[in-house]
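Working notes for the structure below.
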Amino acid sequence: MKRIFITEAINKVGEEVLLKGWVNSRRNMGKIAFIDLRDKTGLVQVVLVPAELDEVSREAMPKIRPEFVLAVTGKVQARKPGNENKDLASGTIEILASKLEIINEAETPPFEIDNEERQASEELRLKYRYLDLRHERMARNIKLRSDVIRYVIDYLVDHNFTYIQTPMLSKSTPEGARDYLVPSRVHQGKFFALPQSPQQYKQLLMVAGVERYFQIAPCFRDEDARADRSPGEFYQIDMEMSFMEQDEVLDLTEKMFTSMVKKLFPEKHLTFEPWPRLKHADVVKKYGTDKPDLRKDKENLNELAFAWVVDFPLFNKQTAEDFFHGSGKSQWAPSHHMFTRPKEEDLPLLETDPGKVHSYQHDLVLNGLEVGGGSLRIHDPKVQEKVWDLIGFTIEQKQQFAHLIEAFKYGVPPHGGIAPGLDRLVSILAGEKNIREVIAFPLMGDVRDPLMDAPSEVTKEQLEELGLVYRSK
Ligand code: ASP
């Protein structure tokens, strides 16, 4: 017999089925036992009556404990009226087992899997993430993430976007954050960098005539942990478009997420339709922050208050943390990033009063959190050069972006884009405060993976091969 999923058994009352999965729980009632069997589609109650089982199964019956992997053959029967379980999708049926096979035994897990309180520490949960993910809530979050990714891919492909994967082994450039470096074995003394974002590639793809690019893009930034971002690596829905005005970029993004919420999250409602487009200065004045929570009922997890913030200043005053933007000798740091286009009418101010220049930056705010940012880009090398000068770039630093300026000599279309953060967006949609609850294998806050024990030491031979010497502090 072919194994079917638990949800497929619901409509097979009277039929014999073969189910496979894990023992979620076991209850003994005299000679009879009840098992909740779990597979990726949910739980079902299995009734074990010794008289209904064959010899081998009868012997297996007392051995069965939570998290054992089982094959159960049995008849689907409707539960007696009054015995239905409304909390279970399969609550109208149960399986009267005729045959049991223990496929694999399981030790007692280091924490209770079926416990909603998740009392185990995060360290323990991440060390045994494969058990933690068995919990219904976690399984639901991971599935929901998959559904969101699928929706975005379908939507953007339907709107003429091309999914393009850009390199992971790339070049270190002073783009904004600290790079993760990868030593080159072949070219000793040289390093690749993991991309902070595909920003430069996606702009080059616009020069290539792709016009509409997207990617569910992994991004790597060697930053200290922040509450609203997973440390080390995170995913963006990275998009770039040519020949579009800022409003068109916002329209497209807004329509995609609005239709996604309606299709995938019918229980949620949007505070605004269309979403407000607020000027940065007004927002800061009115709310004291540039990511205001505009929900009418801030306690309501099902309310989604999306809003756009636009008209940002091109520059902020540089802080010590902005060191990676420039030489540290300038007072200006980009508010978004160095490729953001200043408003045409403010171009003269670049010479006279840079702090007053406004840009085509757009931030996407949801329930008081920034879930994405983007901008129209500079495509005039002279303007780019000026921005670099203002953020204090040295000639050497500018040289690191020579490929982009070179590309712009060969017919660059006006372009712009956005990169909503996938992890943050999914965590809000899933009603999770902690972003790590929607990532299958996240790093801990201290940038460490207790499961794989990463980062880890490497052998002397590995270092030698790379021409590296490790000097302990
Ligand atoms: N690359 C930008 C970022 O990571 C997003 C964008 O401008 O599209 O913030």
Is a side-chain donor-acceptor pair under 3.5 Å present for [Y] with [X]?
X: Glu396; Y: Gln400; value: no
X: Tyr213; Y: Thr166; value: no
X: Ser197; Y: Gln236; value: no
X: Glu437; Y: Ser427; value: no

Restricting to non-hydrogen atoms, name the atom on [X] and the atom on [Y] that form the minimum distance, rounded to 0.1 Å.
X: Leu443; Y: Pro231; value: CD1-O, 3.6 Å
X: Ile378; Y: Pro342; value: CG1-CD, 3.9 Å
X: Leu376; Y: Gln246; value: CD1-N, 3.8 Å
X: Ala419; Y: Asp238; value: CB-OD1, 3.5 Å
X: Lys433; Y: Arg424; value: O-NH1, 4.2 Å
X: Pro195; Y: Met168; value: CD-O, 3.0 Å

Check this for me, if you would: do [X] and [Y] make a salt bridge, where the nitrogen-to-carboxylate-oxygen distance has to be below 4.0 angstrom?
X: Glu223; Y: Arg178; answer: no
X: Asp154; Y: Arg150; answer: yes
X: Arg185; Y: Glu464; answer: no
X: Arg277; Y: Glu254; answer: yes
X: Arg448; Y: Glu123; answer: yes
X: Lys279; Y: Asp290; answer: no
X: Glu136; Y: Arg38; answer: no
X: Asp39; Y: Lys20; answer: no
X: Glu233; Y: Arg221; answer: no
X: Asp132; Y: Arg129; answer: yes

Around atom [atom1] of [X], are there more than 12 heavy atoms from other residues, nucleotides or ligands closer than 6.0 Å?
X: Trp22; atom1: CH2; value: no
X: Glu267; atom1: CD; value: yes
X: Glu344; atom1: CD; value: yes
X: Tyr410; atom1: OH; value: no
X: Tyr235; atom1: OH; value: no
X: Arg3; atom1: CZ; value: yes
X: Glu101; atom1: CD; value: yes
X: Lys298; atom1: NZ; value: yes

Which value, rounded to the nearest 0.5 Å, describes the distance between [X] atom [atom1] and [Y] atom [atom2]?
X: Ile237; Y: Leu422; atom1: CD1; atom2: CG; value: 5.0 Å
X: Lys398; Y: Asp389; atom1: NZ; atom2: CG; value: 3.5 Å
X: Lys143; Y: Thr41; atom1: NZ; atom2: OG1; value: 11.0 Å
X: Glu112; Y: Thr108; atom1: CD; atom2: OG1; value: 11.0 Å
X: Asp179; Y: Phe192; atom1: CG; atom2: CZ; value: 13.5 Å
X: Trp332; Y: Phe315; atom1: CH2; atom2: CZ; value: 8.0 Å

**Asked** Quick check, are the ring centers of Phe339 and His337 under 6.0 angstrom apart?
**Response**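 Under 6.0 Å, so yes.
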**Prompt:** For the ring pair Phe214 and Tyr163, is the centre-to-centre distance below 6.0 Å?
**Reply:**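 They qualify: ring centres under 6.0 Å apart.
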**Item:** Candidates Val283, Val310, Val365 - the one meeting side-chain contact (heavy atoms from CB on, under 4.5 Å) with Leu278
**Value:**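 The option that passes is Val283.
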**Asked** Are Glu67 and Arg134 close enough, and set up right, to give a salt bridge (Lys or Arg N to Asp or Glu O under 4.0 Å), and what steps lead you there?
**Response** CA-CA 10 Å; Glu67 303 311 322; Arg134 287 184 186 175; 2.8 Å; yes
**Message:** Check the orientation of Trp388 and Phe393. Use parallel for under 30°, tilted for 30 to 60°, and perpendicular for over 60°.
**Reply:** parallel
**Request:** Check the angle between the aromatic planes of Tyr155 and His159 and answer parallel, tilted or perpendicular using the 30° and 60° thresholds.
**Result:**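 Rings of Tyr155 and His159: parallel, under 30°.
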**Request:** Step by step, work out the side-chain contact (heavy atoms from CB on, under 4.5 Å) result for Ile102 and Lys63.
**Result:** CA-CA 9 Å; Ile102 297 177; Lys63 295 188 199 139; 4.1 Å; yes
**Candidate pair Leu37 and Leu43, rule side-chain contact (heavy atoms from CB on, under 4.5 Å), full reasoning** = CA-CA 5 Å; Leu37 188 74; Leu43 297 178; over 6 Å; no
**Asked** Hey, does the Lys NZ or Arg CZ of Arg26 hover above the aromatic six-ring of Phe68, less than 6.0 Å from the centre and inside 45° of the axis?
**Response**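 No cation-pi geometry.
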**Message:** Both conditions, 6.0 Å and 45 degrees, for the charged tip of Lys343 above the ring of Tyr360: are they met here?
**Reply:** yes
Student check: side-chain heavy atoms of [X] and [Y] closer than 4.5 Å:
X: Asp36; Y: Val44; answer: no
X: His362; Y: Ile418; answer: yes
X: Val284; Y: His280; answer: yes

**Message:** Test side-chain contact (heavy atoms from CB on, under 4.5 Å) on Lys268 and Asn302; report intermediate values, then the result.
**Reply:** CA-CA 4 Å; Lys268 303 211 183 273; Asn302 280 334; 3.3 Å; yes
**Message:** Would Glu211 and His415 count as a side chain to side chain donor-acceptor pair (under 3.5 Å) here? Give the steps.
**Reply:** CA-CA 8 Å; Glu211 291 203 35; His415 58 283; over 6 Å; no
**Item:** Derivation of the side-chain contact (heavy atoms from CB on, under 4.5 Å) call for Val387 and Thr340
**Value:** CA-CA 9 Å; Val387 168; Thr340 296; over 6 Å; no
